[in-house]
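For reference, the structure is listed below as structure tokens.
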Amino acid sequence: MVSWAALAGGAVLGGLSVRSWVRVTRHWGDPAARPSPTPWARVVGPAAARRLAQGSLLHSVCLSGLALLLLGGAWLPAAGDTGPRSPVAFAVALTGLAAFVCGCLGQLSLVFLGRPRFVLPPHSRGVAGGPPRPRTGPSAGRAPGEVCATPSPGHQQEGEILVLRDADDSYAQLRRYRVYLDGRRTGTLRRGEHRVLAVPAGPHTVQVRISWCTSPVFRVEVAPGDRLRLICRARPGAASDPAAVRRLRHEFLVLHAV
């Protein structure tokens, strides 16, 4: 006899699994795309949370495993039932259980050991959750409020993107906005601070985030010698609208050129 509760649960988890895999695929192809959310990220430290977010492929594996476990178990006989056991249903349920266990163990390893790296997108390997690179050379001796992202060794500086946080921004005055260049975190901004990003000529993406809220991805084209200026702040009225953090979570922050 089919367990309709298990079948319904498997169908719901299957839908969530498909949605999660779509987001994972999009994140692997586009560094600026948001990864699939991982519930464990709320109970671990910031560095581990970043690793879990970048390795959200493992969360998708867990969801798929649970969906298969419930779908396979829906056709298995209940305890004490003497009816025949379907080998296909048993294999599906066993595969789902194995996938769920592997996904959970992988997430635990990612939290405590930072491995395996192959579950992270290529553009995030070596940077997700890692310690920030120390500022050296031109970054030393800058004026208060100015932070410079040091260019990677061997890369010629072709242009700059200056990201400024509006000094009149009244939202989260004691917290920092996180700045992302081409999908990689480059630092944080308090009110009135600005960050200078040295970049090679060509197209780039810039985004600012706070908690789960973000600005839309801002795309720029940098020419040799250019210094583009961007300013960010919370959307006007967002601080007084409690529902904005969910209703406008991907447009909660505003980022535009000046």
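The basis for the numbers below is simple: all heavy atoms, side chains too, and nothing from hydrogens, waters or symmetry mates. Heads up: numbering here begins at 1 and tracks the sequence.
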For the side chain of [X] and the backbone of [Y], is there at least one donor-acceptor N/O pair under 3.5 Å apart?
X: Arg185; Y: Arg178; value: no
X: Asp166; Y: Cys232; value: no
X: Thr205; Y: Val217; value: no
X: Arg190; Y: Leu174; value: yes
X: Ser64; Y: Ser60; value: yes
X: Thr25; Y: Trp21; value: yes

Quick check: is [Y] connected to [X] through a chain of hydrophobic side chains (ILVMFWY, heavy atoms under 4.5 Å apart)?
X: Val208; Y: Tyr171; value: yes
X: Leu70; Y: Phe100; value: yes
X: Tyr180; Y: Leu255; value: no
X: Val24; Y: Val61; value: yes
X: Val92; Y: Leu94; value: no

**Message:** side-chain contact (heavy atoms from CB on, under 4.5 Å), that's the test. Do Leu63 and Arg19 meet it? Break it down for me.
**Reply:** CA-CA 10 Å; Leu63 283 176; Arg19 180 184 178 187; over 6 Å; no
Spatial distance of atom [atom1] ([X]) from atom [atom2] ([Y]) [nearest 0.5 Å]:
X: Leu58; Y: Leu120; atom1: CG; atom2: CG; result: 8.5 Å
X: Thr214; Y: Leu248; atom1: OG1; atom2: CG; result: 10.5 Å
X: Ile231; Y: His194; atom1: CD1; atom2: NE2; result: 12.0 Å
X: Leu228; Y: Leu162; atom1: CG; atom2: CG; result: 9.5 Å
X: Phe252; Y: Arg247; atom1: CZ; atom2: CZ; result: 10.5 Å
X: Leu197; Y: Thr186; atom1: CG; atom2: OG1; result: 4.5 Å

Looking at [X] and [Y], what are the two nearest heavy atoms and their distance?
X: Val222; Y: His204; result: CG2-CD2, 3.9 Å
X: Arg175; Y: Ser211; result: NH2-OG, 2.7 Å
X: Ala67; Y: Gly14; result: CB-N, 3.7 Å
X: Leu164; Y: Gly192; result: CD1-O, 3.9 Å
X: Ala99; Y: Gly65; result: CB-CA, 3.9 Å
X: Ser20; Y: His59; result: OG-CD2, 4.2 Å

**Prompt:** Side-chain contact, heavy-atom cut-off 4.5 Å: Leu230 with Phe218?
**Reply:**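 Result yes, sub-4.5 Å side-chain heavy-atom pair found.
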**Prompt:** Hey, are the side chains of Ser56 and Arg23 touching, using non-hydrogen atoms and a 4.5 Å cut-off?
**Reply:** no
**Message:** Pair Val163, Tyr177 - check side-chain contact (heavy atoms from CB on, under 4.5 Å), show working.
**Reply:** CA-CA 11 Å; Val163 184; Tyr177 291 171; over 6 Å; no
